[in-house]
Amino acid sequence: LKYALLVFLVAALGGLFMATFVLRGKLAPWAVSLLHAFLGATGLVLLLTGIMMGGGGTFALAALGVLVTAALFGFYLASVHYGKRVAMKKLVLTHAGVAVIGVTLLLLAILGP
């Protein structure tokens, strides 16, 4: 679970970088978008693996559900980006907010009782 958290935090740095472009009405670099997606998917696989190995309990399961939801928003945002359009700011902020909630739940799973 700790590795998943680390990967999600690195992915968040790429997300913040891309958000600065979108909030200025510009397209983010495609390479950063791909790296962000790869890191997010890697984090999900690591989180799922950790859960399947019996780690994290309810908070980890909740984190997985929330982060999958964030990934679905991310797929939509990537499709907009692929179409060479700038995504709506509120969708980018929603994606980021959902991801922050998921990462917070993962942190709570790691810290545990």
Side-chain angles (χ1 to χ4, degrees):
L1 296 180
K2 291 177 184 176
Y3 289 120
L5 178 64
L6 180 64
V7 170
F8 282 126
L9 292 175
V10 174
L13 293 175
L16 284 171
F17 177 74
M18 289 189 304
T20 64
F21 281 82
V22 173
L23 295 175
R24 290 180 287 148
K26 298 180 179 182
L27 284 175
W30 187 246
V32 178
S33 181
L34 291 175
L35 180 61
H36 177 72
F38 175 76
L39 289 170
T42 301
L44 286 174
V45 169
L46 289 170
L47 176 54
L48 182 59
T49 302
I51 290 169
M52 290 173 55
M53 294 177 68
T58 305
F59 278 122
L61 282 171
L64 180 62
V66 171
L67 288 166
V68 165
T69 303
L72 293 173
F73 273 103
F75 283 129
Y76 175 74
L77 292 171
S79 73
V80 171
H81 190 180
Y82 185 73
K84 298 189 187 309
R85 295 172 289 146
V86 177
M88 292 180 8
K89 294 173 186 175
K90 64 182 172 183
L91 288 178
V92 170
L93 295 174
T94 300
H95 168 69
V98 171
V100 167
I101 291 168
V103 169
T104 301
L105 289 167
L106 177 55
L107 182 60
L108 290 171
I110 291 168
L111 295 176

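Note: the hydrophobic cluster containing V86 also contains L77 (ILVMFWY, side chain heavy atoms under 4.5 Å, direct or indirect links). Both V80 and F73 are members of a single hydrophobic cluster when ILVMFWY side chains are connected at heavy-atom separations under 4.5 Å. Hydrophobic clustering keeps V32 apart from F38 (ILVMFWY residues linked when any side-chain heavy atoms are closer than 4.5 Å, directly or through intermediates). Under the 4.5 Å side-chain heavy-atom criterion for ILVMFWY residues, no single connected hydrophobic cluster contains both L111 and L105. Hydrophobic clustering of Ile, Leu, Val, Met, Phe, Trp and Tyr side chains at less than 4.5 Å, counting indirect connections, keeps L67 apart from L16.
Here the straight-line distance linking atom CE of M88 with atom CG of L93 works out to 10.5 Å at 0.5 Å rounding. Atom-to-atom distance recorded for L27:CG and H81:NE2 is 4.5 Å, nearest 0.5 angstrom. Atom CG of residue L5 and atom CG of residue L47 lie 10.0 Å apart, to the nearest 0.5 angstrom. With values rounded to the nearest 0.5 angstrom, L44 atom CG is found 10.5 Å from T49 atom OG1. To the nearest 0.5 Å, atoms CG (L64) and OG1 (T69) are separated by 9.0 Å. Interatomic distance, CZ of F59 versus OG1 of T104, reported as 11.0 Å (0.5 Å rounding).
Between G55 and A60, the shortest heavy-atom distance links the atoms O-CB, 3.8 Å. Listed here is the closest heavy atom pair of T94 and K90: OG1-O, 2.7 Å. Shown here for G43 and A4, the closest heavy-atom pair between the two residues is O-CB, 3.7 Å. Listed here is the closest heavy atom pair of A109 and G56: CB-O, 3.7 Å.
Contact annotation: the side chain of L34 approaches that of W30 to within less than 4.5 Å [non-hydrogen atoms, C-beta and beyond]. Between F21 and P29 there is a side-chain heavy-atom pair separated by less than 4.5 Å.
Below 30°, between 30° and 60°, or above 60°: for H36 and H95 the angle between ring planes is above 60°, a perpendicular geometry.
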Assess whether side chain to side chain contact (heavy atoms under 4.5 Å, CB included) is satisfied between L23 and V92, documenting all intermediate values.
CA-CA 9 Å; L23 295 175; V92 170; 5.5 Å; no

